[in-house]
Amino acid sequence: MQFHRIHGKSIDLSQDDTCVKRTQSFNYGIVFGKVPITVEEKVTVEITETISEWSGGLRYGFTNIDPDTHDAEKLPPYAIPNLSREPQYYCVALNEADAKTGNRLSFYFTSQCTCISLVNNKPSTEKKMDKIDVSKPVWFVMDVYGCTKGIKLVMSDSEAAPIEIFVRGREAMEAFLVASRKGTKPVYRTRLMLVGQDRVGKTSLKRSLTGRRHDAKEVSTDGIDTADICKITSKDSKPWKVYAATNEDDQETKTSSDVPSAEDEFARAIAHNIVQELWNKRLRKKNDENTQMSSQVINKQPNQNQNQTKEGKEESKISTMEESFTGQADARNKTKLVMNDITEQVKEAVGQELVDRVLTMVSEMLKKLESGQEVIEVSKTEQQEIMMSIWDFAGQSVYYTTHQVFLTTRAIYIIVFNLTHDLNSQAIVQVRRGEGHSNIEWKKSELTNIDFINFWINSIHTHTAESGASAPYDNNDPYNTTSLSPSVFLVGTHRASLSDDKETQWKIVKEKFKVIAESFRDKVYRGHFVGQFYAVENNIDDEEDEQVKLLRKHIVSIASKERYMGEHMPVSWLQFEQQVAEMIARGINFIPIDQGKDICSRFGIEEDLHSMLHFYHDLGVIIYYGQSGAVDESLRNTIILKPQWLIDVFKGVITTKDIDGQWERFAEAWHRLDKEGILEDSLINHMWCTIIAQKPTLIGLMSKFDLLCERIKPKTLKSTDKWEKSYFVPSRLKDSVDPNDVYEPSNKDIVFYITFGGFLPGQF
């Protein structure tokens, strides 16, 4: 489905004929369908841009008149009433409350000549079309009017489905479509994932981005910190404020009693827009006269008396401009006279039946302006707010195996490294840490610092990569050169520590980034990187680092263009998601599947339950391995509501606490875990004593993520020998073992090798 090449003079049509944008004023935005449509063939458009300067919303309807018969230059300014009062035209106005960026309007006609419309798949209007003959060819007609500035055609519900739904197959797609038919809502959200080595400044960078002061005593992150959620808007480089969500944000802002009738809204919109036109003309004339006066001042240097004369003349001119607002010299009668001047314009816009009502509104607005009241809004394209959660990943290598659970393509990544570290030197990594962040032990890794940067981008690519860029190429954003999704930023910290001389600082910075870029040159994952590197300094007390400002602005630019931004989700699914958030707030971290079914039934989610749960699992909102996704029965029947809770549980296993502080009863077991990487079942019971009922589920999850591996009882073990069930913890295994301790080779072996090029953590 496409728009016709015949359109109003204010319309700019995209090359593929699927997007239109009004480039000036509030009218002359009429567009048509390219080809006739059939009975019950749905036309769906998404509002891509709105502007607060004008009133009134999108107009839409049908016609039997072939658009090819129109002269584009002679198309009228309005679909209502200019076209709607003509034979073989039917038009209706979208309620202005529904004319919001991201909302979708769908409309079609039936064989009984009824026009049915839906907003976000919720029924909106159903009206009889008296002047349309559905037995003849029918084209859709729309008017990109008033506050609606841009729209795009949406092909079909299935094509608009999230990629995570599409790849799960026909059953998931059908479940999504069934849920969507009950109503949808555009969703604007993403994640910012901060990854990198330990103690390189990830948490400090997060503080800088959110406008908080540097804390030199900041404790290193354990696991993953997901506490911060921010509201961001495009073109806003100010520090992001950490946001506390409320239920009010998910409620409709207007009730049916608050919404004016279509006739009242139409009249008010026309009145507002006419006054707005007069206001704009006034401002343009004022700017022209100010420019002319400035030119006179430059060309002629007046003395003091001349200055006084000029000031008197300027006051006179301003007074004249006030009068010219209505085009009359007599300011006392200007409201009455301007009404005479615009009566014909109003008649053309609304028809005789609404003239008196609109003229009354215009008169009232003009009187308010003359008394100094503000009734005209400053021209401002409305910016959509995006909810962005910031995930701060721990840099200790023992956590790397857990990160696979949380890496997602619906995110923007920042790989953080310390500029003061030699890129080609072996990285210093943390081995273990006691409680209270004491007794830290460090050692040299087999990987260099630049190897770790490559490790992170490789890990992101392996677990999340999608073909195609995260967002369409934008000529206005030359630094967005990504060809793969998700987008990845590279940020160096501690810039000021490189040198006291700023010129030397930047010389070193450029050299380091050049070396890093060269290491990516022949790698498949190089397409993830945006085309600009950033070198920041977080330890600034009196002002904000300029590089942080630029980074923040670039992140917002990338986020606002992500392919999933504004994606329509079934309202019932969003209600379930809200319920999950409320349960987490009450300290509920997991529920059995039966309880999940009860919750879903309240929102009309039944047959599509598993598809919805798998979708939110793919997004990282919950963890669910139901149906055929898990071999363990307890794992199939459990929904983990809070993924971060798993990290807290995992931490007790994959990291070793201070042995000296443990109970004597388990001292030997702790020692064995620390030295041999073997976790005894009795120690698990002790560690998880408060959640022991979930032990089978947690064991199943850790086994699935390769965080635990059950030890097989040796066949040579005698019946009299003691054997306790235990597990290998790969992240706690020592880096080197005697191969003969693992397997005794023979001359019948077939040997082959797999090289991971430094990708896997040292424990593997």
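Positions are given from 1 along the sequence.
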Does [X] have any side-chain contact (heavy atoms from CB on, under 4.5 Å) partners at least two apart in sequence or in another chain, and if so, which?
X    : answer
R526 : F520
C19  : S14, K152
N685 : D681, I692, K695
N589 : K642, W645

Chi angles and distances behind the side chain to side chain contact (heavy atoms under 4.5 Å, CB included) call for L192, L209: CA-CA 11 Å; L192 183 65; L209 291 170; 3.9 Å; yes
Could you tell me if the side chain of [Y] sits less than 4.5 Å from the side chain of [X], heavy atoms only?
X    : Y    : result
H686 : L683 : yes
V187 : Y564 : no
I390 : V242 : no
N103 : L94  : no
W240 : I555 : yes
L58  : V45  : yes

Full working for side chain to side chain donor-acceptor pair (under 3.5 Å) between Y525 and T462: CA-CA 9 Å; Y525 48 72; T462 301; over 6 Å; no
Tell me every residue that passes ring pair (Phe, Tyr, Trp, His ring centres under 6.0 Å) with [X], counting only those two or more places apart in sequence or in another chain.
X    : value
F615 : W573
F603 : none
Y413 : none
H568 : none

Parallel, tilted or perpendicular: rings of F489 and H554 (30°, 60°): perpendicular
Can you list the residues that meet the side chain to side chain donor-acceptor pair (under 3.5 Å) rule with [X], with sequence neighbours excluded?
X    : result
T18  : D16
Q694 : none
Y727 : none
Y188 : none

From K241, K100, K231, residue fulfilling salt bridge (Lys or Arg N to Asp or Glu O under 4.0 Å) relative to E385: K231
Side chain to side chain donor-acceptor pair (under 3.5 Å) between T203 and D392, worked out: CA-CA 7 Å; T203 303; D392 183 3; 2.4 Å; yes
Side chain to side chain donor-acceptor pair (under 3.5 Å) partner of E164, the single match among H617, H614, R410: R410
Just by modelled atom types, is the [Y] backbone N or O under 3.5 Å from a matching donor or acceptor in the [X] side chain?
X    : Y    : value
S487 : I412 : no
N120 : K122 : no
S601 : D598 : yes
S572 : A179 : no

Side chain to side chain contact (heavy atoms under 4.5 Å, CB included) between L701 and T638, intermediate numbers included: CA-CA 11 Å; L701 280 170; T638 303; over 6 Å; no
Check against side chain to side chain contact (heavy atoms under 4.5 Å, CB included), I591 and I599: CA-CA 11 Å; I591 57 174; I599 294 171; 4.1 Å; yes
Residue pair S208 / N538, side-chain donor-acceptor N/O under 3.5 Å: yes
Distance-only polar pair, side chains of S106 and T44, donor-acceptor under 3.5 Å: yes
Residues E577 and R189 bridged, charged N to O under 4.0 Å: yes
Member of T408, N458, L407, T409 meeting the side-chain contact (heavy atoms from CB on, under 4.5 Å) criterion with H463: L407
Test side chain to side chain contact (heavy atoms under 4.5 Å, CB included) applied to I699 and I684, step by step: CA-CA 10 Å; I699 291 292; I684 292 181; 3.8 Å; yes
